There are 2 protein chains.
Amino acid sequence: MPHVYDHPRAALTVDCVVFGFDGGELQALLIRRGLPPFKDTWALPGGFVRVEETLDEAARRELEEENGLRNVFLEQLYTFGSVHRDPRERVVSIAYFALVKPEAVAAATDAAEAKWFPVSDLPTLAFDHAEILTTALSRLRGKLTYQPIGFELLPRKFTLTQLQRLYEAVLGHHLDKRNFRKKVLSLDLLTPLEESRQEGPHRPAQLFRFDPERSDRLKERGFLFE
Amino acid sequence: MPHVYDHPRAALTVDCVVFGFDGGELQALLIRRGLPPFKDTWALPGGFVRVEETLDEAARRELEEENGLRNVFLEQLYTFGSVHRDPRERVVSIAYFALVKPEAVAAATDAAEAKWFPVSDLPTLAFDHAEILTTALSRLRGKLTYQPIGFELLPRKFTLTQLQRLYEAVLGHHLDKRNFRKKVLSLDLLTPLEESRQEGPHRPAQLFRFDPERSDRLKERGFLFE
DNA sequence: TGACATAGTGTGTGTTTTACACTTAATTGT
DNA sequence: ACAATTAAGTGTAAAACACACACTATGTCA
């Protein structure tokens with residue numbers, strides 16, 4: 001396709017902030033750059049948008065190519081367009097954030113040069129990726145309190161304690177067990193399973209799964225956590 | 001600057017959803033296109049991003065050039081990247097939403113081919129601009145309930161009734177007068193002025209102004225309307 | 001079988017939200 | 001000058017929700 005509009009053009013990339021949860025800390029997936037600029041520095045997975053794919057498609061393609069990730073929760077975050085974010089030329093980047101279930105975390109780690117870092121202890125990042133990551137983190141915190149997306153970071157079957165640990169890790173403070181359980185169950189989003197999980201020398205925990213159908217009903221009204 | 005990264009490239013535009021409030025209905029500012037594609041169709045103000053300006057700068061420049069608007073509240077909304085949103089070639093658009101005080105509304109209307117439309121009665125729009133506008137509207141609704149931005153659509157001095165009308169227009173339902181006033185005043189964002197406004201055969205109304213300093217204190221904690 | 005560890009549960013108190021109706025102060029017309 | 005009109009401004013009681021708080025239940029393991 002020829003350039004109908006004739007200007008010097010910025011290059012377009014997508015960058016993905018991929019969050020995972022290991023049961024204790026919130027983690028972000030980074031990739032070590034093999035080429036300059038910022039060779040050998042950690043960076044967000046991402047790459048150029050092709051002229052025949054949408055932005056979402058570009059983000060999903062990069063996640064699959066670079067990290068072997070499929071079917072993750074993915075949402076557009078913000079578009080970063082500082083003039084000199086890339087030292088070589090003008091590059092505008094549409095940032096996404098992704099939430100990955102533990103089942104998929106292993107796959108991601110297999111990918112060459114990809115590694116999970118706890119968000120509390122990140123290495124120096126290339127470009128403006130530290131800023132992007134900070135933006136993603138505050139968006140995640142915000143969303144967690146008014147939309148049921150925490151489940152995207154947990155295995156399909158999980159206990160209420162796991163869910164509470166996740167909320168505590170992301171929000172950064174302790175929650176009261178009884179109030180948390182009362183609140184979560186009152187939202188009527190979880191289906192208790194027959195099974196329970198035995199893990200250690202103590203009473204086994206009831207397993208639940210998230211019920212997206214119930215969630216849809218709720219989404220419109222909105223809910224509020226905390 | 002040469003193209004270091006060598007691909008076919010999308011063109012980059014910004015489009016602005018500009019909201020205003022006339023005391024009764026929420027309004028959006030549109031421009032009649034003078035050139036194809038969609039010649040003579042109404043569209044959002046916007047244009048190409050120059051290679052040496054940031055995205056925010058591009059949005060502000062277009063608002064000033066096309067509508068004579070300066071110093072408006074402006075926030076990035078979402079980036080639209082469907083492959084065929086522009087019939088001629090690939091164009092990715094970073095959408096913004098802007099809130100304009102009535103003092104500036106007149107200026108905007110003077111601009112050639114620009115006109116305010118009530119959002120409840122919009123003409124057919126060019127490109128995917130109807131979708132962008134819908135997105136902006138739902139963002140505005142959302143933000144209004146948890147951030148003090150309503151003031152950006154009112155004159156510097158306003159009455160509580162004006163503020164209530166604005167909330168009712170945007171949210172689309174009636175609010176109880178006493179509860180509204182109690183809630184708004186409890187947020188401690190408004191400074192009562194010495195003056196009052198006489199307007200019609202009835203008791204005059206107390207004027208207030210929004211106090212951004214107090215608002216900053218509040219912003220961190222967040223507040224909740226409704 | 002006892003020690004241990006996490007799961008699971010209820011109540012009382014203070015705060016917030018909601019529903020609801022009359023008085024006040026100005027203008028206008030007679 | 002006063003009666004009618006119009007929107008401004010004000011309080012309270014009941015219900016819902018948020019928060020603080022501590023013990024019992026059920027499994028494993030030595």
Side-chain angles (χ1 to χ4, degrees), chain A residues 21-24 144-146 148 150 154-155 157-169 171-209 218 221-226, chain B residues 21-24 144-146 148 150 154-155 157-169 171-209 218 221-226:
Chain A
F21 183 63
D22 67 356
L144 208 57
T145 65
Y146 66 90
L154 291 178
K157 304 171 181 183
F158 55 86
T159 68
L160 292 182
T161 300
Q162 283 181 287
L163 185 61
Q164 185 178 346
R165 295 263 176 287
L166 168 62
Y167 270 79
E168 288 175 338
L171 299 180
H173 55 84
H174 173 78
L175 297 170
D176 178 81
K177 180 155 74 157
R178 280 179 287 192
N179 293 337
F180 180 83
R181 295 162 98 93
K182 206 187 313 171
K183 178 83 174 242
V184 167
L185 292 175
S186 78
L187 296 174
D188 194 36
L189 289 171
L190 303 185
T191 308
L193 303 174
E194 302 296 301
E195 325 160 54
S196 56
R197 166 170 306 160
Q198 187 60 50
E199 197 169 56
H202 52 81
R203 182 170 174 177
Q206 174 68 247
L207 284 169
F208 293 84
R209 73 178 158 76
L218 191 61
R221 293 185 284 138
F223 81 99
L224 226 334
F225 201 89
E226 301 255 286
Chain B
F21 183 63
D22 68 356
L144 208 58
T145 65
Y146 64 90
L154 291 179
K157 304 172 181 181
F158 55 86
T159 69
L160 292 182
T161 300
Q162 283 181 287
L163 185 62
Q164 185 179 344
R165 295 265 176 285
L166 167 63
Y167 270 80
E168 289 175 338
L171 300 178
H173 57 81
H174 174 79
L175 298 170
D176 178 82
K177 181 157 74 158
R178 280 179 287 195
N179 293 338
F180 180 83
R181 295 160 99 93
K182 205 186 312 168
K183 179 80 175 245
V184 167
L185 292 175
S186 78
L187 295 174
D188 195 34
L189 290 171
L190 303 185
T191 308
L193 303 175
E194 302 297 302
E195 324 159 57
S196 55
R197 166 172 305 162
Q198 187 59 50
E199 196 167 56
H202 51 81
R203 183 171 174 176
Q206 174 69 247
L207 284 169
F208 293 84
R209 71 179 159 76
L218 191 62
R221 293 185 283 138
F223 81 101
L224 225 336
F225 201 89
E226 299 258 286

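Please read these numbers as outputs of a predicted model, since none were measured by experiment. In what follows, every heavy atom counts, from backbone to side chain, and hydrogens, waters and symmetry copies are set aside. Chain A is the first sequence line, chain B the second, and so forth, proteins listed ahead of strands; every chain is numbered from 1.
In this structure, CZ of B:Arg197 is placed 16 Å from C1' of D:dG9, rounded to the nearest angstrom. Rounded to whole Å, the distance from NE2 on B:His174 to P on C:dC20 is 11 Å. For A:Lys177 and D:dT24, the NZ to P distance is 14 Å, given to the nearest whole Å. The distance from atom CD of B:Gln164 to atom P of D:dA7 is 13 Å, rounded to the nearest whole Å. Atom CZ of B:Phe180 and atom P of C:dT16 are 19 Å apart (whole Å).
Taking the side chain of B:His202 as heavy atoms from C-beta on, and the options C:dA7, D:dA7, D:dC21, the nearest nucleotide is D:dA7. When distances are taken from the side chain of B:Arg181 to each of C:dT27, D:dG9, D:dG11, the shortest belongs to D:dG9. Of the candidates C:dC20, C:dG10, D:dA8, the closest approach to any side-chain atom of B:Asp176 belongs to C:dC20. Of the candidate nucleotides D:dA8, D:dA20, C:dT28, D:dA20 has the atom lying nearest to any side-chain atom of A:Asn179. For B:Gln206, the side-chain atoms get nearest to D:dG9 when compared with the rest of C:dG10, D:dG9, C:dG8. With distances taken from any side-chain atom of A:Arg178 to the nucleotides C:dT9, D:dA8, D:dG11, the minimum falls on C:dT9. Side-chain atoms of A:Ala205 lie closest to C:dG8 of the nucleotides D:dC21, C:dG8, D:dT10. In this structure, the nucleotide among D:dT28, D:dT6, C:dT24 sitting nearest to the side chain of B:Arg203 is C:dT24.
Between A:Leu185 and B:Pro204, the one whose closest nucleotide on DNA chain C sits nearer the 5' end is A:Leu185. Remark on DNA chain D: of its neighbouring residues B:Glu199 and A:Lys182, the 5'-side contact belongs to B:Glu199, judged by nearest-heavy-atom nucleotide.
Listed by chain and residue number, nothing satisfies the salt bridge (charged side-chain N to carboxylate O under 4.0 Å, His left out) test with B:Lys182 (two or more places apart in sequence, or in another chain). Partners of A:Arg165 according to the salt bridge (charged side-chain N to carboxylate O under 4.0 Å, His left out) rule, which considers only residues two or more places apart in sequence or in another chain, are A:Glu168.
Of all heavy-atom pairs spanning B:Ala205 and B:Thr159, the tightest one is CB-CG2, 3.6 Å.
Donor-acceptor pairing under 3.5 Å, judged by distance alone, is absent between the side chain of A:Lys183 and the base of D:dA18.
To the nearest 0.5 Å, atom CZ of residue B:Arg197 and atom NZ of residue B:Lys157 are 9.0 Å apart.
Between B:Phe180 and B:Tyr167, the ring centre distance stays below 6.0 Å.
Contact annotation: B:Thr161 side-chain N/O to D:dA7 OP1/OP2 distance is not under 4.0 Å.
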